[in-house]
Number of protein chains: 2
Amino acid sequence: MRIGELAERTGVSVRALRYYEEQGLLASERSQSGQRRYAENAVDRVRLIQQLYAAGISSASILEMLPCVVTGVAAPEVLAKLRGHRSSVVKQIEELQETLLQLDTVIAGATKTYATGVPCPPA
Amino acid sequence: MRIGELAERTGVSVRALRYYEEQGLLASERSQSGQRRYAENAVDRVRLIQQLYAAGISSASILEMLPCVVTGVAAPEVLAKLRGHRSSVVKQIEELQETLLQLDTVIAGATKTYATGVPCPPA
DNA sequence: GCTACCTCTGACGTCAATGTCAGGTTTCTA
DNA sequence: TAGAAACCTGACATTGACGTCAGAGGTAGC
């Protein structure tokens with residue numbers, strides 16, 4: 001498929017896809033005229049990249065770990081980094097859960113307070 | 001306390017603390033000579049700010065919700081935004097949990113593969 | 001073959017949360 | 001009462017993941 005279709009199917013911009021290629025994260029064949037052609041599995045690859053980005057992992061680290069994610073094989077140093085990222089993700093989850101509690105407390109309190117007619121400062 | 005101490009106690013840089021003030025997120029008294037003086041509770045405030053930042057909430061949104069978090073009272077529009085942020089945090093957690101599974105799969109697979117002596121590409 | 005849309009490269013712009021530097025004042029410690 | 005260390009404002013620099021624009025060529029439906 002061409003870049004526009006991949007963009008549409010993944011919800012990632014054309015610009016971002018070119019950027020991924022620039023970073024070595026996403027390969028493409030080229031047509032005679034130089035246009036990018038992607039295989040079907042590029043969709044999954046892009047989603048994986050997005051997922052790792054969302055976990056706060058840099059493109060350099062993603063580049064390093066991608067082949068391992070794909071092949072399921074990793075050198076010891078890479079494995080160590082993977083474990084490092086794993087614990088960082090765990091930590092992020094824990095922090096977000098704490099944030100969630102805070103938000104819930106505020107929402108519950110504010111809802112109740114507001115329901116009881118106590119005056120409240122506007123935004 | 002002065003800004004250096006607050007920075008040290010929260011693990012946030014002096015520059016960041018000034019930035020928070022600039023954004024209206026963190027107030028300070030000033031000494032005669034103009035130096036910032038913080039109350040004890042500033043430590044908690046800074047931690048809260050960091051927590052919200054970590055949840056991907058912008059300083060503008062934090063500014064909007066901070067008084068509510070502190071007072072426990074929120075106007076309906078603010079409450080709606082709080083709920084929006086809540087669900088975004090929930091989503092982030094879910095995505096991170098999925099990422100965690102991916103990482104675990106890779107780590108488990110790679111560990112096993114490597115243990116059995118299958119050759120593996122270096123980083 | 002015309003037209004509308006897609007794609008290409010290259011380069012500069014953006015945005016948010018800081019880093020960093022300069023040049024000057026204040027505060028603490030010996 | 002020095003001198004070091006901390007603080008001030010103001011301003012420009014940085015970083016990463018893109019957005020956006022220009023100018024040129026490719027592609028598909030009619």
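By convention in this document, chain letters (A, B, ...) are assigned in the order of the sequence lines, proteins followed by strands, and residues within each chain are numbered from 1.
- Taking atom CD1 on Ile3(B) and atom P on dC7(D), their separation rounds to 7 Å, with Å as the unit.
- A close approach under 4.0 Å does not occur between any side-chain nitrogen or oxygen of Arg30(B) and OP1 or OP2 of dT26(C).
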Practice task
Apply side chain to side chain contact (heavy atoms under 4.5 Å, CB included) to Tyr20(A) and Glu22(A), showing your working.
Solution key: CA-CA 5 Å; Tyr20(A) 294 168; Glu22(A) 214 174 300; over 6 Å; no
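- Here the side chain of Ser31(B) is nearest to one of dT27(D), dC8(D), dT27(C), namely dT27(C).
- The structure places OG of Ser87(A) at 10.0 Å from CD of Glu94(A), a figure rounded to the nearest 0.5 Å.
- One atom, CG of Leu25(A), and another, P of dC18(D), lie 10 Å apart when rounded to the nearest Å.
- Between Arg9(A) and Glu5(A), at least one side-chain N (NZ, or NE/NH1/NH2) sits under 4.0 Å from a carboxylate O, which counts as a salt bridge.
- Close to dA17(D), at under 4.0 Å from its OP1 or OP2, lies a side-chain N or O of Ser59(A).
- By the 4.0 Å N-to-carboxylate-O rule, Glu64(A) lies close enough to Lys81(A) to be salt-bridged with it.
- Put simply, OH on Tyr38(A) is 16 Å from P on dC6(C), counting in whole angstrom units.
- Computed from coordinates, the Tyr53(B) OH to dT18(C) P distance equals 6 Å when rounded to whole Å.
- Ion pairing between Arg83(B) and Glu77(B) fails under the 4.0 Å rule for side-chain N and carboxylate O.
- Side-chain N/O atoms of Arg36(A) include one lying less than 4.0 angstrom from OP1 or OP2 on dC8(C).
- Which of dT27(C), dC18(D), dC8(D) sits closest to the side chain of Ser33(B) comes down to dT27(C).
- If you measure from atom CZ of Arg37(A) to atom P of dG26(D), you get 12 Å, rounded to the nearest angstrom.
- Checked by atom type, the side-chain pair Arg30(B)/Gln35(B) shows no donor-acceptor distance below 3.5 Å.
- No donor-acceptor contact under 3.5 angstrom links the side chains of Gln50(B) and Thr10(B), judged on distance only.
- Phosphate proximity of dA16(C) to Ser58(B): absent, as no side-chain N or O sits under 4.0 Å from OP1 or OP2.
- Heavy-atom distances under 4.0 Å link DNA chain C to Ser13(B), Arg15(B), Ala16(B), Tyr19(B), Tyr20(B) of residues 4-23 of chain B, given in residue order.
- Between Gln32(A) atom CD and dT27(D) atom C1' the separation is 14 Å, expressed in whole Å.
- Regarding Gln35(B), its CD atom lies at a distance of 7 Å from the C1' atom of dT27(C), rounded to whole Å.
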